[in-house]
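One structure is given below, encoded as structure tokens.
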Amino acid sequence: MTDRVRFAPSPTGYLHVGSARTALFNWLHARATRGTYVLRIEDTDAERNRPELTRALLDELEWLGLDWDEGPHFQSERRDRHREVVEDLLDRGLAYLCDADNAEVAGTSLVDGLAVRFRMPDDRTVAFDDVVRGNVSFDTADLEDFVVWRSNGTPMFLLANAVDDADMGITHAIRGEDLLSGVPKVLLLLDAIGAPRPTYAHLPLLVNASRQKLSKRRDDVAMADFRERGYLPEAMVNYLALLGWGPPDDIEVRPLEEIVELFRIEDVNKAAAFFDLRKLEHVNASHLRGLDKATFVERVQPWLDEAPWAPEAFDAGVFDRMVDLVQEKLRTLADVVRFVDFLFLEEPADDPESWQKVMVDGPSAAEVLDGAAAALAGCPWESEAVKDAVAEVGEALDLRLGKAQAPVRVAVTGRTVGPPLFEAMAECMERDEVLRRIARARARL
RNA sequence: GCCCCCAUCGUCCAGCGGCCUAGGACGCCGGCCUUUCACGCCGGUAACACGGGUUCGAAUCCCGUUGGGGGUGCCA
């Protein structure tokens, strides 16, 4: 029999990066073992049983490329089966009715308005072998009776989860460590209904800088936000795979298909992992550079469409001439705008830091601009000539080209950072416009 | 409080009793290249939490301590 795993998110309206990591590891295990990856929506809580919340979840999973083989199954549609199990538990005295004050109420079948609690057996040790954590054991003396059926007639998570895993033939439950302490209750439930226990694998938690579980309130956790900020799905998934797992050959940046070949759930480590945005950026930049030109242009298009310049000001031909120079420097797709905006904006804004660094604190800004204005007015409008012109101005002032081009760059583009300057000016801009910007900057010194 | 889990560079991962004077990556620092730079190349910085065992030998096994985290809902 092949392995059957499942990702069973609660529809909260967005995909949490921690959940995405769980989904990814389940998906990887299924693909690596040629097993089956089942998607199940745990919407037993009435508030979460709304189609749009699930839709948002599925959108992000699809974006990441984590396709499922079966489902999505909806827990809310399995109410009758859950009820049947609870009735059986009640009938066999393994669970009991209880009122709002948690007081036991006599009876062996469901009653409207009353909840049902599972009766915790006395002094038993419940142990299991977790694929990543090894042997874990709990004493039932430390556990309380727990609710399996709400007074409003809906099943509780633990019950639905246990029953569904059993009914769906789930062989491996791969999920976050935050669910570890719930295992003994699920195991007892499974034993009670005579179902086999799945193998558990509890993944280390993803934590923030203060080493606490990533939370919606204080951390950036919505996958959609990363997408909007210009992260590539292949980079996202690559980085996530590196949290709690590492390739045996130490090659970290690589396509998912390769990770599938190398992934083994038993290699996952136990310690919590810090979600490091810096490293994510590095992985993203690497994948970005690896894109072929056509794909890169396609990916970056949405950001160009939303850019601050007037739509008619955009010149695809100009952009095309700059693409290669820009692609290798971006860390996120969103960065593209800052790299080329000066080409399409009437009056690119001056970046205050750049202005301070070069025009105020830097050497001979006024002289450079005056010299450049004169030299560029007469030289051939071609990148080599433009470069030579600026280089000469620098030499006269005893400045290396790197220093000499800085004021010109800030005057023309508004920033110290950007694509190669002389190519951009000569190949993408009119001489008059360049001169106008230099004059404008000179006047503001 | 009680229960459970965890503990190698700042961070992520490697190491599963000798190959470790602990390796790779991100970051950081320095240099090179150079038309800035978020590319590339070279070099550097930096860790086995602590204390006991076990063993000829421990980052690796055991126990304890300390530290951290998770759980403890008629949420999932």
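The chains referred to below are lettered A, B, ... by the order of the sequence lines, with proteins before strands, and numbering in each begins at 1.
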Fill in: Side chain A:Glu252 and base B:G24 donor-acceptor under 3.5 Å
yes

Practice prompt. Would you indicate what A:Glu423 reaches in the nucleic acid, counting non-hydrogen atoms under 4.0 angstrom: base, sugar-phosphate, or nothing?
Written response: base

Practice prompt. Have a look at A:Ala8 and say if it touches a base, only the backbone sugar-phosphate, or nothing, with a 4.0 Å heavy-atom cut-off.
Written response: nothing

Fill in: Distance test, side-chain N/O of A:Arg117 to OP1/OP2 of B:C74, below 4.0 Å
yes

Discussion item. If you compare every side-chain N and O of A:Lys403 against the phosphate oxygens of B:U35 (OP1, OP2), does one of them come in below 4.0 Å?
Written reply: no

Worksheet item: Under 4.0 Å between a side-chain N/O of A:Arg133 and OP1 or OP2 of B:G69, yes or no?
Response: no

Worksheet, complete the sentence: Of the listed B:C4, B:U35, B:C28, the closest approach to the A:Arg278 side chain comes from B:C28

Worksheet item: Salt bridge or not for A:Asp130 and A:Lys270, using N-O below 4.0 Å?
Response: no

Worksheet item: Any side-chain N or O of A:Asn269 under 4.0 Å from OP1/OP2 of B:A14?
Response: yes

Item to complete: Using a heavy-atom cut-off of under 4.0 Å over every strand shown, decide if A:Val417 touches base, sugar-phosphate, or nothing.
Response: base

Worksheet item: Touch check for A:Gly244, heavy atoms < 4.0 angstrom, all strands: base, sugar-phosphate only, or nothing?
Response: sugar-phosphate

Worksheet item: So, is A:Lys329 near the phosphate of B:C39, with a side-chain N or O under 4.0 Å from OP1 or OP2?
Response: no

Worksheet entry | Counterpart base for B:C28, defined by Watson-Crick or G-U wobble contacts under 3.5 Å | B:G44

Worksheet item: When you match A:Leu330 and A:Pro248 each to their closest nucleotide on RNA chain B, which lands nearer the 5' end?
Response: A:Pro248

Worksheet, complete the sentence: Among the nucleotides B:G69, B:A7, B:C4, whichever has the atom closest to the side chain of A:Leu180 is B:C4

Discussion item. Could you tell me how far B:A58 sits from B:G18 if I compare only their C1' atoms? Round to whole Å.
Written reply: 10 Å

Worksheet item: Regarding A:Arg78 and the six-membered ring of A:Phe74, is the cationic atom NZ or CZ under 6.0 Å from the ring centre and inside 45° of its axis?
Response: no

Practice prompt. Answer yes or no: side-chain N or O of A:Glu144 and base N or O of B:U72 forming a donor-acceptor pair under 3.5 Å.
Written response: no

Worksheet item: Paired with B:C2: which nucleotide, if any, by Watson-Crick or G-U wobble criteria at under 3.5 Å for both distances?
Response: B:G71

Fill in: Which residue lies more 5' along RNA chain B, comparing A:Ser181 with A:Glu328 via nearest heavy atoms
A:Glu328

Worksheet item: When we call it a touch if two heavy atoms are under 4.0 Å apart, what does A:Arg338 touch: a base, just sugar-phosphate, or nothing?
Response: base

Discussion item. Measuring only the P atom in each nucleotide, how far is B:G44 from B:G23? A whole number of Å is fine.
Written reply: 11 Å

Worksheet item: Quick one: does A:Thr416 reach the base of B:C37 with a side-chain donor-acceptor pair under 3.5 Å?
Response: no

Practice prompt. Could you tell me the separation between the CZ atom of A:Phe275 and the C1' atom of B:C26, rounded to a whole number of Å?
Written response: 13 Å

Discussion item. Given the ring of A:Phe226, does A:Arg229 sit roughly above its face, with NZ or CZ under 6.0 Å from the centre of the six-membered ring and within 45° of the axis?
Written reply: yes

Item to complete: Among B:U36, B:C39, B:G71, find the nucleotide with the atom closest to the side chain of A:Lys213.
Response: B:G71

Worksheet, complete the sentence: Any strand, both distances under 3.5 Å, Watson-Crick or G-U wobble: B:U36 pairs with none

Practice prompt. Determine the contact category for A:Ala406: base if any of its heavy atoms lies under 4.0 Å from a base atom, sugar-phosphate if only primed atoms, P, OP1 or OP2 are that close, otherwise nothing.
Written response: nothing

Item to complete: Mind checking A:Trp149 for me? I need base, sugar-phosphate or nothing, with any heavy atom below 4.0 Å counting as a touch.
Response: nothing

Item to complete: Please assess A:Thr154 against A:Arg150 for the test side-chain hydrogen bond (donor to acceptor under 3.5 Å, both in side chains), listing each intermediate value before the final yes or no.
Response: CA-CA 5 Å; A:Thr154 59; A:Arg150 298 189 184 90; 2.8 Å; yes

Worksheet item: Which value, in whole Å, describes the distance between the C1' atoms of nucleotides B:A14 and B:C20?
Response: 12 Å

Item to complete: For A:Ser354, answer base if it contacts any base atom (sugar-phosphate contacts may also be present), sugar-phosphate if it contacts only those atoms, and nothing otherwise; contact means non-hydrogen atoms under 4.0 Å.
Response: nothing

Practice prompt. Could you tell me whether A:Pro204 contacts a base, only the sugar-phosphate backbone, or nothing, with contacts defined as non-hydrogen atoms closer than 4.0 Å?
Written response: nothing

Worksheet entry | Gap between atoms CG and P, on A:Asp101 and B:G73 respectively (whole Å) | 16 Å

Fill in: Full working for side-chain hydrogen bond (donor to acceptor under 3.5 Å, both in side chains) between A:Asn284 and A:Thr332
CA-CA 7 Å; A:Asn284 198 58; A:Thr332 68; 5.5 Å; no

Discussion item. By the 4.0 Å heavy-atom rule, please label A:Leu280 as base, sugar-phosphate, or nothing.
Written reply: nothing

Discussion item. Let's test your reading of the model: under 3.5 Å, does the base of B:A25 pair with the side chain of A:Lys279 as donor and acceptor?
Written reply: yes

Practice prompt. Select base, sugar-phosphate, or nothing to describe what A:Phe146 touches, counting heavy atoms under 4.0 Å on all strands.
Written response: nothing

Item to complete: Verify the contact: side-chain N or O of A:Arg211 to OP1 or OP2 of B:C5, cut-off strictly under 4.0 Å; return yes or no.
Response: no

Worksheet entry | Sugar-phosphate only, base, or nothing, as touched by A:Asn208 at under 4.0 Å among non-hydrogen atoms | nothing

Worksheet item: For the pair made of CG in A:Leu15 and P in B:A76, what is the distance, rounded to whole Å?
Response: 19 Å

Worksheet item: Counting only Watson-Crick or G-U wobble pairs whose two distances fall under 3.5 Å, which nucleotide matches B:A49?
Response: B:U65

Fill in: Short N-O contact, A:Glu234 and A:Arg299, less than 4.0 angstrom
yes

Worksheet item: Which part of the nucleic acid, if any, lies within contact of A:Phe157, taking any heavy atom under 4.0 Å across all strands shown: a base, the sugar-phosphate backbone alone, or nothing?
Response: base

Item to complete: Please check the phosphate of B:A76 (OP1 and OP2 only) for any side-chain N or O of A:Asn161 closer than 4.0 Å.
Response: no

Practice prompt. Go through B:C2, B:G27, B:C74 for me and flag the one nearest to the A:Asp142 side chain.
Written response: B:C2

Worksheet item: Contact class for A:Phe274 vs. all strands (heavy atom < 4.0 Å): base, sugar-phosphate, or nothing?
Response: sugar-phosphate

Worksheet item: Do A:Glu84 and A:Arg81 come close enough that some side-chain heavy atom pair is under 4.5 Å?
Response: yes

Worksheet item: So, does A:Asp101 use its side chain to make a donor-acceptor pair with the main chain of A:Ala103 at under 3.5 Å?
Response: no

Discussion item. Test of understanding: with side chain to side chain contact (heavy atoms under 4.5 Å, CB included), list the residues that count as partners of A:Ala56, not counting sequence neighbours.
Written reply: none

Response to the item:
Per atom distances to the A:Gln405 side chain, the nearest of B:U36, B:G69, B:C75 is B:U36

